[in-house]
Amino acid sequence: MAKAKTDSPLQRTPLYDLHREQNARMTPFSGWEMPVQYSGISPEHHAVRNKAGMFDISHMGKFTLVGKGAIAQLEALVPSDLSRLKAGDAQYTVLLNDAGGIIDDLIVYYEGTDDAGVDHVTIIVNAATTEKDRTWLLDHLDTDALAFRDLSKDKVLIAVQGPEAVALLQNFVEEDLGAVGRFGHMTGTVMGQPGFLARTGYTGEDGFEVMVDPETGKNLWRSLIEAGVLPCGLGARDTLRLEAAMALYGQDIDDITSPVEAGLNWLIHLDSKGDFIARSVIEPQKQGGASKKFVGLQMQGRAIARHDYPVIHDGEPVGKITSGTLSPTLGYPVALAYVPSALAKIGQILEVEIRGKTYPATVVKKPFYRRS
């Protein structure tokens, strides 16, 4: 998800030594030393598209919220209707600042309400924004009524993704993973130990994100390798999420971008919820449209549009590329960009300036890749 500049010393996940044993190439990312690739971006990418791959995402922020009215309090901080969640459901959403900008994108997992009327919630946030998110939440929640815990450094989080991911992971989980629907989750037994399993991901494929204690995480990582799951790094994670047109925080979305501009209208539920931070900003945008839109571009030829490259129309800059790559699945370059709404229609021809030259690009429907 998020990308940010980092200062040393870099943090390391509990799986760091296993990455080094597997000769992973490491890189700084959001304050952590993370594997960027093992066998190579292309084979790792295709393993996830065709079989199964796994990612160490333990660097991501992991919070729990317990207390009466926890969901109701969270409702005021996001544009999504969390009250409709049933136990075992999740909602992808965004934290908003007062100007309607995105503080972070996150997933809220509702674990249910116990017999005493106490809500149990797990929240997964981006690594680069963990401290910012924690501060924002603590500043806006009634911590006298709610128990907030930061488990970010206490738990391992492993994403197992791909068409065979669920079947391969099932070998190490007692409960029936098939009973968990897309974007569902459960507390289960992973290699004999308690674990949190969510049928979510950042690749455009089916799979689970598994949160366990560090020792169980190490055992699961080793066992999945033996079962034929390929370790994958941040490089493949980026090409996979880009093909699926999933935003990277700090690059595609940020605190001066609204969810309407970012094409996230589907998570804004104005009709079914009350007030929330920046509703007065978001509601007119959603009803009247934003001045710019987040679009997908298909480059003509082999030129690759990279982050911050200018988007050109009639010889004038009209926007910027936020993400771009040569799609390993499709075999041609794709990119994400913000352009004026008038130029965002499917089929619109634009240009991208690359090292002083311009190359044609066509606005296409997102996502570039969709699992059949």
Smallest separation among heavy atoms of [X] and [Y], with atom names:
| X | Y | result |
| --- | --- | --- |
| A145 | Q73 | CB-NE2, 4.4 Å |
| T322 | H307 | O-ND1, 2.8 Å |
| V295 | K366 | C-CD, 4.0 Å |
| G100 | P259 | O-CD, 3.5 Å |
| Q298 | Y332 | CD-CE1, 3.4 Å |
| P214 | V156 | CA-CG2, 3.6 Å |

So, [X] versus [Y]: side-chain donor-acceptor pair below 3.5 Å or not?
| X | Y | value |
| --- | --- | --- |
| H45 | T329 | yes |
| S80 | T93 | yes |
| T203 | Q161 | yes |
| R241 | S323 | yes |
| Q11 | Y16 | no |

Taking atom [atom1] of [X] as the centre, report whether more than 12 heavy atoms of other residues, nucleotides or ligands fall under 6.0 Å from it.
| X | atom1 | value |
| --- | --- | --- |
| K320 | NZ | no |
| R149 | CZ | no |
| Q22 | CD | yes |
| I256 | CD1 | no |
| R25 | CZ | no |
| R182 | CZ | yes |

Test item: [X] side-chain N/O and [Y] main-chain N/O as donor-acceptor pair under 3.5 Å:
| X | Y | result |
| --- | --- | --- |
| K273 | V78 | yes |
| E283 | L270 | no |
| E44 | Y38 | yes |
| R302 | L326 | no |
| S58 | L157 | yes |
| Q37 | M26 | no |
| N171 | L168 | yes |
| T129 | K132 | no |
| E75 | F276 | no |
| Y202 | D238 | no |

Rounded distance [0.5 Å steps], [atom1] in [X] versus [atom2] in [Y]:
| X | Y | atom1 | atom2 | value |
| --- | --- | --- | --- | --- |
| I349 | H313 | CD1 | NE2 | 10.5 Å |
| Y369 | L330 | OH | CG | 9.5 Å |
| L350 | T358 | CG | OG1 | 11.5 Å |
| N219 | L224 | CG | CG | 11.0 Å |
| D252 | I321 | CG | CD1 | 10.5 Å |
| L65 | E111 | CG | CD | 10.5 Å |

Minimum side-chain heavy-atom gap [X]-[Y] below 4.5 Å:
| X | Y | result |
| --- | --- | --- |
| M211 | T122 | yes |
| V160 | F172 | no |
| V166 | R199 | yes |
| M299 | I354 | yes |
| T257 | Y249 | no |
| R222 | L220 | no |
| D154 | K62 | no |
| L74 | L137 | yes |

Do the side chains of [X] and [Y] join up, straight or via other hydrophobic residues, at under 4.5 Å, putting them in one cluster?
| X | Y | value |
| --- | --- | --- |
| I253 | M60 | yes |
| V334 | I346 | no |
| Y309 | L297 | yes |
| I103 | I277 | yes |
| V118 | V121 | no |

Mind running side chain to side chain contact (heavy atoms under 4.5 Å, CB included) on F368 and L242 for me, showing each step along the way? CA-CA 8 Å; F368 307 106; L242 210 166; 4.0 Å; yes
How are the rings of F63 and F148 set to each other: parallel, tilted or perpendicular (split at 30° and 60°)? tilted
Using 30° and 60° as the class boundaries, would you call the ring planes of W221 and H19 parallel, tilted or perpendicular? perpendicular
V180/F208 under side chain to side chain contact (heavy atoms under 4.5 Å, CB included): CA gap, chis, key distance, verdict: CA-CA 10 Å; V180 181; F208 276 83; 3.9 Å; yes
With side chain to side chain contact (heavy atoms under 4.5 Å, CB included) as the criterion, how do L15 and K218 come out once you've worked through the C-alpha distance, each side chain's angles and the decisive distance to 0.1 Å? CA-CA 6 Å; L15 304 184; K218 293 175 188 177; 3.8 Å; yes
Starting from the C-alpha separation in whole Å, work towards a yes-or-no answer on side chain to side chain contact (heavy atoms under 4.5 Å, CB included) for H46 and V48. CA-CA 5 Å; H46 289 297; V48 174; over 6 Å; no
Tell me if the centroids of the rings in F196 and Y109 come within less than 6.0 Å of each other. yes
